[in-house]
Amino acid sequence: MVTITKEHVHFTFSGSHKPVQTVPSGSTVRFETYDCFYNQLLPEGADITKIDSSKANAATGPLCVEEALPGDTLKIEILDITTGPVGVCGTFPGSSWDNGILKEEQFRRLTVKDGMAEFDSAVQIPVRPMIGVIGTAPKEGAVSTMTPMDHGGNMDCTQIKAGTTLYLPVYVPGALLSMGDLHAVMGDGEVCGCGLEIEGMVTVRVTVLKDAPFPWPAAIADDRLIIIGAAKTVESAWKLATARMEAFISSKTGLSHEDTSILLSLCGDLAVCQTVNPMKTVRMELPLNIFKNESGRWKQP
């Protein structure tokens, strides 16, 4: 199995990055990642006010998938996520909700063991490892690993976890997949600026889909179709995610736009992924078990 180690990192998604490894479609690959602080807060005595912020959200990669061409979709099956033994979390003045009550940056290290994060002696949190940053190269230019857009990036979606299949558009030959910014656990919204940031290892299987079912980030997790929208405001992001879901379901099932809209009001669930990045992300989820298999209306690619 190919492993891309965390010495191979970058801080933008770009078609100009030289691939670290090249593999054929259908390959299984491991990505070793730093935490979002580039592991700068792991040593004892680390000072959050003195870290190098230019090294935030390091993404490991990129990986070139041989058959991937612009217009294709890259199918990424997340097979496993393992995390390190210590995660870092903290408060950040000016984050989206604090209204000035948070006066200074501070951080905490939490031990992660046996599937639990120890907040304090009275609070134990079950871990739910997820990938905060994952993306292909954008159509043009370079996009910061802090920012989510249609290539993926810093989506901070809690459903991008082991067992999920993620779909990302291919804009450049080889797709150039990279990832990082793992969280041992994070609440939807990431309201204080970070989750439990942690280093780790992600194992994925990458497959090129030539029929290009998704021209923007989408996923299937726990038998639910998820479509993600990124925009400057949460309101714009939820409308984008909903519009994409409506258009996709209508095109695949033959339902009218009116019937599809009613269906989304009955069964669709909106969730805010994060409120703190330069672009906000919201996901629309739709359970797939509402579609009878024999109808042939839509099948998972």
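Along the sequence shown, residues are numbered consecutively beginning with 1. In what follows, every heavy atom counts, from backbone to side chain, and hydrogens, waters and symmetry copies are set aside.
Residue T203 holds its OG1 atom at 11.5 Å from CD of E32, rounded to the nearest 0.5 Å. Between atom SG of residue C36 and atom CD of residue E197 there is a gap of 3.5 Å, rounded to the nearest 0.5 Å. In this structure, the separation between NE2 on H257 and CD1 on I249 is 12.5 Å, given to the nearest 0.5 Å. Atoms CE and CD, on M116 and E118 in that order, are 9.5 Å from each other to the nearest 0.5 Å.
Looking at R283 and E285, a side-chain N of the basic residue comes within less than 4.0 Å of a carboxylate O on the acidic one, giving a salt bridge. By the 4.0 Å N-to-carboxylate-O rule, R109 lies close enough to E44 to be salt-bridged with it. With respect to the salt-bridge test (charged N to carboxylate O, under 4.0 angstrom), the residues K161 and D222 qualify. The existence of a salt bridge linking D269 and R224 is confirmed by a sub-4.0 Å separation between a basic side-chain nitrogen and an acidic carboxylate oxygen. Ion pairing between a basic and an acidic side chain is recognised when a charged N comes within 4.0 Å of a carboxylate O; K139 and D150 show no such pairing.
Between the N39 side chain and the L42 main chain, no donor and acceptor come within less than 3.5 Å of each other. Side chain of S25 to main chain of V208: a donor-acceptor pair is present (N/O by atom type, distance under 3.5 Å, no hydrogens or angles). For T136 (side chain) and P169 (main-chain N/O), a donor-acceptor pair under 3.5 Å exists by modelled atom type. Panel note: side chain S251, backbone F248; a donor-acceptor pair is recorded below 3.5 Å. T145 places a side-chain N or O within donor-acceptor distance of the main-chain N or O of F11, the cut-off being under 3.5 Å. Judged by distance alone, the side chain of T242 and the main-chain N or O of W238 form a donor-acceptor pair under 3.5 Å. Under a 3.5 Å cut-off, the side chain of H183 and the backbone N or O of D35 do not form any donor-acceptor pair. One N or O on the side chain of T253 and one on the backbone of L255 form a donor-acceptor pair closer than 3.5 Å. Looking only at distances, a side-chain donor or acceptor of D72 sits under 3.5 Å from a matching main-chain atom of L69.
In this structure, a donor-acceptor pair under 3.5 Å is present between the side chains of N154 and N277. There is a side-chain donor-acceptor pair under 3.5 Å between D188 and T158. Between the side chains of H8 and T60, no donor N or O sits under 3.5 Å from an acceptor N or O. A donor atom on one side chain and an acceptor atom on the other are found under 3.5 Å apart for S14 and S16. Side-chain atoms of Q274 and T281 include a donor-acceptor pair closer than 3.5 Å.
Using a 4.5 Å heavy-atom cutoff, the side chains of R30 and V202 are not in contact. Under the 4.5 Å side-chain criterion, counting only non-hydrogen atoms from C-beta, E66 is in contact with T22. I76 is listed as a side-chain neighbour of L177, based on a closest heavy-atom distance under 4.5 Å. The side-chain heavy atoms of S27 and R205, taken from C-beta on, include no pair separated by under 4.5 Å. Between I81 and I131, the closest side-chain pair of non-hydrogen atoms falls below 4.5 Å. For the pair I198 and V86, the minimum side-chain heavy-atom distance is 4.5 Å or more. Contact of the Y171 side chain with the P70 side chain is not registered, since no non-hydrogen atoms from C-beta on lie closer than 4.5 Å. The side-chain heavy atoms of V112 and P85, taken from C-beta on, include no pair separated by under 4.5 Å.
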Point to revise | side chain to side chain contact (heavy atoms under 4.5 Å, CB included) between W216 and L168, intermediate numbers included | key: CA-CA 6 Å; W216 13 251; L168 293 174; over 6 Å; no

Exercise for review: Assess whether side chain to side chain contact (heavy atoms under 4.5 Å, CB included) is satisfied between M284 and R244, documenting all intermediate values.
Suggested key: CA-CA 9 Å; M284 164 62 80; R244 287 174 170 176; over 6 Å; no

Check your understanding: Does the salt bridge (charged side-chain N to carboxylate O under 4.0 Å, His left out) test come out yes or no for E199 and K6, once each step is laid out?
Key -> CA-CA 10 Å; E199 62 183 348; K6 62 186 179 185; 3.0 Å; yes

Practice item. Apply the test ring pair (Phe, Tyr, Trp, His ring centres under 6.0 Å) to residues F37 and F107: give CA-CA distance (whole Å), side-chain angles for both, the deciding distance (0.1 Å), then the verdict. Key: CA-CA 11 Å; F37 299 111; F107 75 98; 7.9 Å; no

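Across every non-hydrogen atom of V204 and L79, the tightest pair is C-CD1, 4.2 Å. Closest approach of G71 to A212, counting heavy atoms only: O-CB, 2.8 Å.
Taking the ring axis of F119 as reference, the NZ or CZ atom of R108 stays within 45° of it and closer than 6.0 Å to the ring centre.
Counting only residues at least two apart or on different chains, the salt bridge (Lys or Arg N to Asp or Glu O under 4.0 Å) pairs with a member in residues 227-236 are E235-K239.
When hydrophobic clusters are built by joining Ile, Leu, Val, Met, Phe, Trp and Tyr residues whose side-chain heavy atoms come closer than 4.5 Å, directly or via intermediates, L74 is grouped together with I228.
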